[in-house]
Structures are given as C-alpha cells and as structure tokens.
There are 2 protein chains.
Amino acid sequence: MADSRTSRGSAKRDRLVAAAVRTFHEQGVEKTRLADIAEAAGVPLGNVYYYFKTKDQLVEAALGSHAGALAAHLAALDALPAPADRLKALVQGWIDQSDVAARFGCPTGTLASELDKRTDGLDRAAADTMRPLLDWLESQFRALGRPDDARDLAVALLSAYQGASLLTNTFRDPALLETEGRRLQSWIDTLARPTPPGA
Amino acid sequence: MADSRTSRGSAKRDRLVAAAVRTFHEQGVEKTRLADIAEAAGVPLGNVYYYFKTKDQLVEAALGSHAGALAAHLAALDALPAPADRLKALVQGWIDQSDVAARFGCPTGTLASELDKRTDGLDRAAADTMRPLLDWLESQFRALGRPDDARDLAVALLSAYQGASLLTNTFRDPALLETEGRRLQSWIDTLARPTPPGA
DNA sequence: GTCTATAGTTTGATAGAC
DNA sequence: GTCTATCAAACTATAGAC
C-alpha cells in the first residue's frame, strides 16, 4: 500500500522527529531521555536506534524540522503584497503563540540557547536555523525603504521577540509577549516613513 | 587569623558558589557535573556535600549570587542623578560585556531559560531573580516622565537586551549586542520627550 | 525492519576513616 | 571539617532473537 515515505525515511521516522521536536521544546534537550521520545512517538526504545544512531542525530533532525517549518511559514507570508503587512503578520503569529511561549518559550530560541552551551559541532547548527529568518527580515526592511539599517532593524525585531519570549516564559505571563508584540506592530507602521526607528 | 566568613558560611563555601556561577554560565546547569564545580573551586568532590546537600542547592546559591550582584550594581547606578543616565549606563554595561555574551550568553538569561524547563520549584526562582531588575527599570521610566507605560517600556528594554544576548551568543558576534545597545541608548534619549516610544 | 534485554558509562549522593 | 572510596540510579547505546 502507499506509505507516506519522505526522502529521508519512513512514517515512523517522521513520528520520531515530531516527538523529538515537541519533547525537546517542552523539557529541553539535556533533560530529555531517548525513552521519552520513544514513548511520545509510540516506538520501542531499541527501535529508535534503527533510525538515529545517536541522540545528537535526533537533535539535528529536530533543527531540520524547525528550519523546514520556518521556510514554509515565510513562503506563506511572501504572498502578502506589502512588506509591512508581512512583518506585522509574522509578529501576529508570535502573539498567537504567546500561551505556548509562556509555558515553554520560543521553540527555536530555547533550543538555540541550550545548544550554544555545547562545544561540539552542534553549537553552530542553531545559527544556521536562525539565519534564514534574519535574512528574510532584512529583505523586508529593505523593501520597506530602509536599505541602510535593514540588518540592524532585523536584529532589533528578532531580538525583541526572543527576549519577550524569554521574559514571558520566566514570568509565565503571556500578556508580556502580547503587549510587546502590539508595540512592535505599531513600530513597524512608523518605519515606512523616514522617522527614527522606534516602537 | 581573620577568615572571610560570610553570614552563610566559610570562604570555601564562597569559592564553591563562585565556581558554580561560572560553570553554570559556561556549560549550563544540566551539563555541569558536581565534579566540575569541585575542580573549579579546588575542593574534593566529597567535600562539596558538606556545604550543599544537593546539586539544586548549588543552583539556588548561584541564583542568590546573581541577585546580590544585580542589587549592588543597581545601587551603584542610583548614584547617578538623571534616570536617563542611569538607564544608559546600565545598557553601557551590557555593551561592555558583549564578548562574554557572544561566548556564553547573558548569565542570568541563559540560567533562566534553562530553569524554565524544570517542573520542580526551581523554575520560579529565576523569576524572583529577574523581577527586581524589571521593577528598577519601571521606576526609572516612571522618573523619566512615562508613568503610563513604564512597565511596558521596562519589559521592552529588558527583552531587547535578553534577545540581543541570545542572538549575539548564537551567531558568536559581539557586534550584534553592541549595535543594538547603542540603538537602545539613543532610544532612551528620545523617551524624555513625549514622543512615541522608539529607537 | 522491529523489539527485548542488557551492557557500559556517567553521575548524584553517601559512608565512614581521619 | 575534610577527603577517599563507593554505592545506586539513570541513561546512551548495542547485541541478538524474531
């Protein structure tokens, strides 16, 4: 029968990756045991090793999943005609996820923060996952008529989100991210005109 | 001879706390073994348990150390006459630490991010460490003539720093935090006048 | 390809001599 | 108060039957 194989593996492999993404987000990489992922995916522990030789390979697969979801989301936003609307829609997505952020933080950000502590090759992988978003933001600010400081504004916007996610998580208060998100949306509106960047 | 006892213990205990703060920052809590802290403090492993019954007690002590250092720093900033100068001096301190942030992130922020993943009591302790800073920021914005949105501006400023630290760490690039810090300093300057918040 | 059982390590914590 | 030796639990990873 027609199974749902991807280019890299089976449906069971996909279940394992999805379970890894979810469990790493909720518990962190270090506190997550392979048995947790196996259980979440409904797969016996020993069988995990048929698809992933090491725990690190599951971390890499989780990063790849994040990168794919991000690329798909940005492609959807590109359908909007105005760059300011694209940026504000992105921020709206963050606001809509504020409850998740309050409980577990930003999925990509908390993963990056944890991987940054490592000294093996995986500490640079987080940067590769986040760079496309930063590049996309920069291109939007450029289209918005801010070619000179587009990169700085991209860093400022992504920083504001990552920091607000951290505070929202630490204080378990979704309102922090919601308020900051609305502030960022009106800040984006002011940027179309050549006024100093602000919020 | 006169030893340097604190209210809670001996000089050796202080060395252990200092080593814990440093090692947790550089390696993260989960990846740090008690043997790492013992070695960094020059104390045999078994002796650690005379001062701290569990690893979690060392985490609590590290949080307390962060809280104390923060309180001392804010008290020093209070000597400055103008609230805008206090805020900009705080940001300057962040800029001056950008090299450390590039390598290990914000000491308090990365610790909070990691503790947020826990479900025991320690996940709320990070909030207690960060709240005094948020309260201090709020009082500064209030003194700056922004009583209505002082709390939101405090969240915005601390978020910007925490997020910039995360990006700086992820991309191993101190320039990100430096540029964002300067942007925040000029943003603070614009806030004294009743213009919309921005940077 | 799938799964059970278990080997091999690591590590938090303790016992007990000094 | 200090330190060595070691236990017990947890966890990654593998062997090998099916």
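Below, read A as the first sequence line, B as the second, and so on, with proteins coming before strands; counting in each chain starts at 1.
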Checking side chain to side chain contact (heavy atoms under 4.5 Å, CB included) for the pair A/Asn169/B/Ser113: CA distance, chi angles, key distance, verdict?
CA-CA 8 Å; A/Asn169 188 18; B/Ser113 176; 5.8 Å; no
Start with the C-alpha gap between A/Asp149 and A/Arg142, add the side-chain angles, then the distance that decides, and say whether salt bridge (charged side-chain N to carboxylate O under 4.0 Å, His left out) holds.
CA-CA 8 Å; A/Asp149 55 357; A/Arg142 202 179 303 273; over 6 Å; no
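Between B/Lys31 atom NZ and C/dT10 atom P the separation is 13 Å, expressed in whole Å. Here D/dC11 presents its P atom at 8 Å from CG of A/Asp36, a figure rounded to the nearest Å. The distance from atom CG of B/Leu58 to atom P of C/dA13 is 10 Å, rounded to the nearest whole Å. Taking atom OH of B/Tyr50 as the reference point, atom P of C/dA13 lies 19 Å away to the nearest angstrom. The distance between atom CD of B/Gln57 and atom P of C/dG12, rounded to the nearest whole Å, is 14 Å. Distance CZ (A/Arg33) to C1' (D/dC11): 8 Å, rounded to an integer number of Å. Put simply, CD on B/Gln27 is 14 Å from C1' on C/dT11, counting in whole angstrom units. Counting to the nearest Å, the P atom of D/dT14 and the NZ atom of A/Lys55 are 15 Å from each other.
The backbone N or O of B/Ala150 sits nowhere less than 3.5 Å from a side-chain atom of B/Glu138 that would complete a donor-acceptor pair. Judged by distance alone, with hydrogens and angles left aside, the side-chain atoms of B/Thr170 form a donor-acceptor pair with the main-chain N or O of B/Leu166 at under 3.5 Å.
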Is there any protein nitrogen or oxygen under 3.5 Å from a nitrogen or oxygen in nucleotides 16-18 of chain C, and what are the pairs?
none

Using the 3.5 Å cut-off, write out each protein N or O paired with an N or O of nucleotides 4-8 of chain C and the distance between them.
none

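At C/dT14, none of the side-chain N or O atoms of B/Tyr49 fall inside 4.0 Å of OP1 or OP2 (strictly under the cut-off). Here B/Lys12 reaches the OP1 or OP2 of D/dT2: one of its side-chain N or O atoms lies under 4.0 Å away.
Among residues two or more places apart in sequence or in another chain, the ring pair (Phe, Tyr, Trp, His ring centres under 6.0 Å) test is passed with B/Trp136 by none. Taking B/Asp120 as the reference, B/Asp56, B/Arg118, B/Leu122 meet the side chain to side chain contact (heavy atoms under 4.5 Å, CB included) condition, with sequence neighbours excluded.
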In a table with atom names and distances, give each donor-acceptor pair under 3.5 Å that connects a side chain of residues 36-44 of chain A to protein atoms at least two apart or in another chain.
{"unit_1": "A/Asp36", "atom_1": "OD1", "unit_2": "A/Arg33", "atom_2": "NH2", "d": "2.8"}
{"unit_1": "A/Asp36", "atom_1": "OD2", "unit_2": "A/Arg33", "atom_2": "N", "d": "3.0"}

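Among the protein residues, B/Tyr51 comes within range of the sugar-phosphate backbone only, with heavy atoms under 4.0 Å from sugar or phosphate atoms but none that close to a base.
By the rule that hydrophobic residues join a cluster once side-chain heavy atoms approach within less than 4.5 Å of another member, B/Leu157 and B/Leu191 end up as members of one cluster.
The salt bridge (Lys or Arg N to Asp or Glu O under 4.0 Å) contacts involving residues 93-103 of chain B comprise nothing, where partners must be two or more places apart or lie in separate chains.
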